[in-house]
Protein chains: 4
Amino acid sequence: MPKIGMEPIRREALVKATIAEIGAAGSLDVTVSQIAKRAGMSSALAHHYFGGKEQIFVAAMRRILADFAAEVRAELATVQMPDRAAAIIRACFAPSCFTPQTISAWMTFYVLAQTNDQALRLWRIYQSRIRSNLTHALRPVARDPQGAANTLSALIDGLYIRAALNNPDTPEIAARHALAVLDSLKEAQS
Amino acid sequence: MPKIGMEPIRREALVKATIAEIGAAGSLDVTVSQIAKRAGMSSALAHHYFGGKEQIFVAAMRRILADFAAEVRAELATVQMPDRAAAIIRACFAPSCFTPQTISAWMTFYVLAQTNDQALRLWRIYQSRIRSNLTHALRPVARDPQGAANTLSALIDGLYIRAALNNPDTPEIAARHALAVLDSLKEAQS
Amino acid sequence: MPKIGMEPIRREALVKATIAEIGAAGSLDVTVSQIAKRAGMSSALAHHYFGGKEQIFVAAMRRILADFAAEVRAELATVQMPDRAAAIIRACFAPSCFTPQTISAWMTFYVLAQTNDQALRLWRIYQSRIRSNLTHALRPVARDPQGAANTLSALIDGLYIRAALNNPDTPEIAARHALAVLDSLKEAQS
Amino acid sequence: MPKIGMEPIRREALVKATIAEIGAAGSLDVTVSQIAKRAGMSSALAHHYFGGKEQIFVAAMRRILADFAAEVRAELATVQMPDRAAAIIRACFAPSCFTPQTISAWMTFYVLAQTNDQALRLWRIYQSRIRSNLTHALRPVARDPQGAANTLSALIDGLYIRAALNNPDTPEIAARHALAVLDSLKEAQS
DNA sequence: AATGAATGAGGATTCATTCAT
DNA sequence: GATGAATGAATCCTCATTCAT
């Protein structure tokens, strides 16, 4: 019956539970009690560790972005330079990004970012990170790496939403589309 | 003195008020009372006309899409064939699409579509309409009009979100970006 | 089943219930639910009519002071000029001022006035009213009516607290004491 | 390294912190955690030492009364017999009695005494002690020392409350008033 | 001696919704 | 057609208190 050092464990459990609940509800209409219950503790403890509902949400968002960043890194680790952009795209359309949980959390994120400064900041970091990753990857192969990265990253977001709402089961279609555009951006150079 | 023919007027007022409230709140966390108050009637009446909160939301979404469609039509009416795709793009990044109200409503839409079938259907209609519009417009100028339309419409959505969260005041930047991509899609053909 | 004009009735019931509950608890540790229940309605309705707990309290305080003022007026109406000061004193130590309810409410008032501006204002009004009443009544019989009124009103408060905490059942003792001091204040003149 | 003899130090710290918190809040709406935090320990330890919240309050009250008694004693030590009553009055209106802390604690006391027997008992002891002090001091100078002491002590309480709520910054006015009444009580004899 | 962990109970407040008029 | 009245259910959050260590 461990009685010390529970904090990180509890926080971790709560974050996971939050993502799960948001996924199940499809929106931010989730109660702290639900989250706490799923995490196996009282709602009072959830408040104790996070201070409030919004902060639990923000922590969940942070986690989602971290997980996504890890996914990208992992994908990048497996490929050589010429294909780095493709690797990023593949990470964006990995099956793990299309679980109901993740979809909900991601959509929900856009809404949260409208009113919560921390969430907005998180989103901006994610966004600039992915853009800089793409810029870097495109430098050897595209004439205007910066512009191409902007195009690609916006395209990815748009395709993601469409796939999430239309065909969450077959993200490969969207992936293929993005890869095709990537090719065209490369060709444009030669 | 019971007024007659009030129904459409009341509904109209409620829909407008809903959009305004969503815009003010930045989310769907809006109470029926707030909406009704802004619309100048009792919340009971709002229920009477719409049956429930979700249905008010759906009506508001319907209105947003209708307004947007009108905007596109208006823009299209002013241009000749070769520029129809550009006109659509311009409509998508018109200032009226970047008022806080509209941004919130639009973002919120994605969330609502996750749980509300009617909302999802509405979104799909909007989406296929814009895609078919683009396909049609691109037919004379692009090699693969369908694919190019898909690319463009996804790109528009992605750029819209990014502009909305980053630079709601200068949507022209995003518009220019989209137009540039449109050009490249045309060039690709020749 | 009357369905209109309930507001004053409900407010009245709530104010009465609040005083009763404060009396029963002996402090402000009273829940809105308790009050509402005693008043025969849901706590939601109590909030609807008063806006919040503190405002219910303030309304109760206002009522207590109004009742007290009425008591003083009634007592004054029965006596001739030379005895008006004595009448005020008798009103202050009337049995109705020593019901547990009233005692609690009055004590509690002092505490509320520490943090709630409205309550403080109410108390100041009560205080200056009673002082001016006393001054007026003492003018014909005391050398320094103003000073004597100050003395008497402070004495009354002090005796009230002592009687309330020591002998709530026999306020006459305190009354007699105050009347004796009143006499000595008069004698001082002759 | 378990410290020894910490108990009195901890209790002392808690009592001080309680008075400070009550002063800051202006009421008994103070949490044990706040008190414990201010006292530099965990709330669990506060419970360990006092057993519960009310007992912490009672201890604080006890301390307030003890401090006050010490103040009176100190003042008395500086004067000769004929002025002992005046000395008591001066002690009652010393600046230290009008810090927000002390005022709040004192007011609050009246409320606590309504429901807590120990608090009531404490108040009665304080009250009879001050009365006997006054009686003793007035014996050589007033015709009815007992009655005069009763008058004075009630007057002091009344003036205290009024000063506390109206002019906490200038208690001297109230003091002067009480001293004037004292004089008149003396004169009455000669 | 001392505390972090944990919770159950409760409390103010909100809100969608219903109903009688 | 329109609304004030009314509420039950829920939600976030707080807090005194207990316990294992």
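Below, chains carry the letters A, B, ... as their sequence lines are ordered, and counting in each starts from 1. Quick caveat: nothing in here was measured; it's all calculated off a predicted structure.
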(message) Would you say the ring centers of D:W106 and C:Y110 fall short of 6.0 Å from each other?
(response) no
(message) For DNA chain E, please output the secondary structure as dot-bracket, reading 5' to 3'. Pairs are Watson-Crick or G-U wobble, both atom distances under 3.5 Å; mark crossing pairs with [ ], other-strand partners with |, unpaired with a dot.
(response) .||||||||||||||||||||
Can you measure [X] atom [atom1] to [N] atom [atom2] for me and round it to whole angstrom units?
| X | N | atom1 | atom2 | result |
| --- | --- | --- | --- | --- |
| B:L28 | E:dC15 | CG | P | 14 Å |
| B:L45 | F:dA5 | CG | P | 16 Å |
| C:Q34 | E:dT13 | CD | P | 14 Å |
| A:F50 | E:dA5 | CZ | P | 13 Å |
| B:I35 | E:dT14 | CD1 | P | 17 Å |

(message) Can you work out whether A:V32 or D:K53 has the more 5'-proximal nearest nucleotide on DNA chain F?
(response) A:V32
(message) I'd like to check the side chain to side chain donor-acceptor pair (under 3.5 Å) partners of A:T99; sequence neighbours left out, ordered by chain and number.
(response) A:T102
(request) Counting heavy atoms from C-beta on, name the nucleotide in F:dA6, E:dA16, E:dA1 closest to the side chain of C:R10. (result) F:dA6
(message) Quick check for you: among F:dA6, E:dA2, E:dA5, whose closest atom lies nearest to any side-chain atom of A:E7?
(response) E:dA5
(request) Return the set of residues passing side-chain contact (heavy atoms from CB on, under 4.5 Å) with D:A13 (not counting sequence neighbours), or none when no residue passes. (result) D:A39, D:M41
(request) Would you please name every residue forming a side-chain contact (heavy atoms from CB on, under 4.5 Å) with D:A105, sequence neighbours left out? (result) D:I64
(message) Between A:H48 and E:dA6, is there a contact of a side-chain N or O with OP1 or OP2 at under 4.0 Å?
(response) no
(message) Whether A:H47 contacts F:dC12 is assessed here as follows: a side-chain N or O lying under 4.0 Å from the phosphate OP1 or OP2. Is that the case?
(response) no
(request) Answer with base, sugar-phosphate or nothing: what part of the nucleic acid does D:Y49 contact at a heavy-atom distance below 4.0 Å? (result) sugar-phosphate
(request) Return the residues of residues 37-44 of chain C meeting this criterion: a heavy atom under 4.0 Å from some atom of DNA chain F. Order them by number, or give none. (result) C:M41, C:S42, C:A44
(message) Can you tell me how far apart CG (B:L14) and CD (B:Q55) are? Round to the nearest 0.5 Å.
(response) 12.5 Å
(message) Let me confirm one number: the CD1-CZ distance from D:I19 to D:R63, rounded to the nearest 0.5 Å.
(response) 6.5 Å
(message) Please identify which of these residues, B:V58, B:V15, B:T18, meets the side-chain contact (heavy atoms from CB on, under 4.5 Å) condition with B:F50.
(response) B:V15
(request) May I ask you to test the B:D29-A:D29 pair for a side-chain heavy-atom distance under 4.5 Å? (result) yes
(request) Among residues two or more places apart or on two chains, list those pairs meeting side chain to side chain donor-acceptor pair (under 3.5 Å) that have a residue in residues 112-122 of chain D. (result) C:S104-D:Q114, D:E54-D:N116
